[in-house]
Amino acid sequence: LFNEEEDTLVRQSIIGQLQLCGKRVELEGREGHLTMVSEPLVFGTCVHYLAEKDLEAGEPRLDLLTNMNEWVEEILTTQYDWSLAQVPNVRDFFDELAGAYRLWRTQVRPSLKGTPLGVECEMRMYLGEGNRNRIHLQGTADVLYPSRLVDFKTSKRPWSQAKADVSIQ
């Protein structure tokens, strides 16, 4: 079991960031350090939100396409300290979100068979003893089924199988 006061918890996303820039990880959370935010990062969060709400409802959430300004603004302000005013072209951003949701509904959703045990599930795995304490890995499964985890990718280009095979995610 994980002991918050004694054990070390490493998120899988931090491992990926360490591979790119260890200094950025070192500064994370320190006063004065601004977390990098980009439109692709925000876009991915919004697409995941649409998929999550769809899966929770068990049916298409087309209503979310008509009030995007409300929930996108909430995501921007609560998760990224951004606002819609910082998105260069909001209309194009919303059009791309609607297109991504349509693709998800027609190409991904039909492949998700069965009833999920959970959506956006935080998970931990014990890795072993470290120099000072036990080490646990934490990540978020987009969808959890009895026999598999599903992780949605929202990059502009599909990942190659080789990239997927070596990714920590």
Side-chain angles (χ1 to χ4, degrees), residues 1-20 25 28-29 35 37-68 70-72 74-76 78-80 93-94 96-130 132-169:
L1 289 172
F2 176 72
N3 182 324
E4 191 172 320
E5 294 178 15
E6 296 178 10
D7 295 342
T8 299
L9 184 63
V10 179
R11 287 201 53 87
Q12 53 63 249
S13 58
I14 292 294
I15 295 171
Q17 289 177 25
L18 274 169
Q19 293 171 323
L20 296 173
V25 173
E28 191 74 35
T35 303
V37 180
S38 65
E39 192 172 324
L41 178 65
V42 171
F43 179 81
T45 302
C46 291
V47 172
H48 276 78
Y49 177 85
L50 285 165
E52 176 185 350
K53 296 304 175 192
D54 184 295
L55 287 163
E56 287 173 349
E59 60 186 43
R61 289 297 309 271
L62 301 178
D63 59 303
L64 292 173
L65 300 180
T66 61
N67 67 345
M68 277 194 222
E70 295 169 16
W71 61 265
V72 170
E74 183 176 338
I75 286 172
L76 289 172
T78 59
Q79 294 187 36
Y80 300 109
F93 185 77
F94 286 172
E96 288 177 21
L97 274 178
Y101 181 56
R102 183 175 45 254
L103 282 173
W104 184 86
R105 283 288 315 155
T106 59
Q107 295 181 13
V108 177
R109 183 67 175 104
S111 70
L112 301 176
K113 306 291 184 207
T115 304
L117 298 173
V119 178
E120 291 293 314
C121 300
E122 289 286 330
M123 306 180 80
R124 289 190 185 126
M125 180 174 70
Y126 174 68
L127 296 179
E129 293 295 322
R132 289 179 260 162
N133 52 25
R134 294 178 303 214
I135 300 173
H136 299 259
L137 179 67
Q138 180 177 342
T140 305
D142 291 331
V143 187
L144 176 63
Y145 287 95
S147 62
R148 65 189 168 122
L149 303 174
V150 178
D151 187 39
F152 304 129
K153 294 294 164 213
T154 56
S155 60
K156 286 200 177 226
R157 290 184 207 93
W159 280 26
S160 69
Q161 187 59 52
K163 181 177 180 178
D165 289 344
V166 299
S167 171
I168 189 72
Q169 294 186 357

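Values reported hereafter were calculated over all heavy atoms of this structure, with side chains retained and with hydrogens, waters and symmetry mates removed.
- Side-chain contact between Y49 and V72: absent, with no pair of heavy atoms (C-beta onward) separated by less than 4.5 Å.
- Once rounded to the nearest 0.5 Å, the distance linking CZ of R61 with CG of L55 reads 11.5 Å.
- In this structure, CD on E120 lies 9.5 Å from NZ on K53, to the nearest 0.5 angstrom.
- Looking only at distances, a side-chain donor or acceptor of T45 sits under 3.5 Å from a matching main-chain atom of L41.
- The nearest pair of heavy atoms linking I135 to G130 is CD1-CA, 3.7 Å.
- Checking side-chain atoms of Y126 against main-chain N and O of R134 turns up no donor-acceptor pair under 3.5 Å.
- Proximity of a side-chain donor or acceptor of W71 to a complementary backbone N or O of L64 within less than 3.5 Å is detected.
- Side chains of V108 and L103 form no contact here, defined as non-hydrogen atoms less than 4.5 Å apart.
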side-chain contact (heavy atoms from CB on, under 4.5 Å) between L50 and W104, worked out
CA-CA 9 Å; L50 285 165; W104 184 86; over 6 Å; no

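- From Y101, atom OH reaches atom SG of C46 across 14.0 Å, with rounding to the nearest 0.5 Å.
- To the nearest 0.5 angstrom, L9 atom CG is 11.5 Å from N3 atom CG.
- Applying the salt bridge (Lys or Arg N to Asp or Glu O under 4.0 Å) criterion to D54, with sequence neighbours excluded, gives R105, R109.
- No side-chain donor-acceptor contact under 3.5 Å links N67 to the backbone of E70.
- Remark: H136 NE2 to M123 CE distance equals 14.5 Å, nearest 0.5 Å.
- Q79 CD: more than 12 foreign heavy atoms inside a 6.0 Å radius.
- Remark: side-chain polar atoms of D7 are not paired, donor with acceptor, to backbone N or O of F2 under 3.5 angstrom.
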All N/O donor-acceptor pairs, side-chain side in residues 139-149, below 3.5 Å, sequence neighbours left out:
{"residue": "T140", "atom": "OG1", "partner": "R11", "partner atom": "NH2", "Å": "3.2"}
{"residue": "T140", "atom": "OG1", "partner": "E122", "partner atom": "OE2", "Å": "2.7"}
{"residue": "D142", "atom": "OD2", "partner": "H48", "partner atom": "NE2", "Å": "3.1"}
{"residue": "D142", "atom": "OD2", "partner": "F152", "partner atom": "N", "Å": "2.5"}

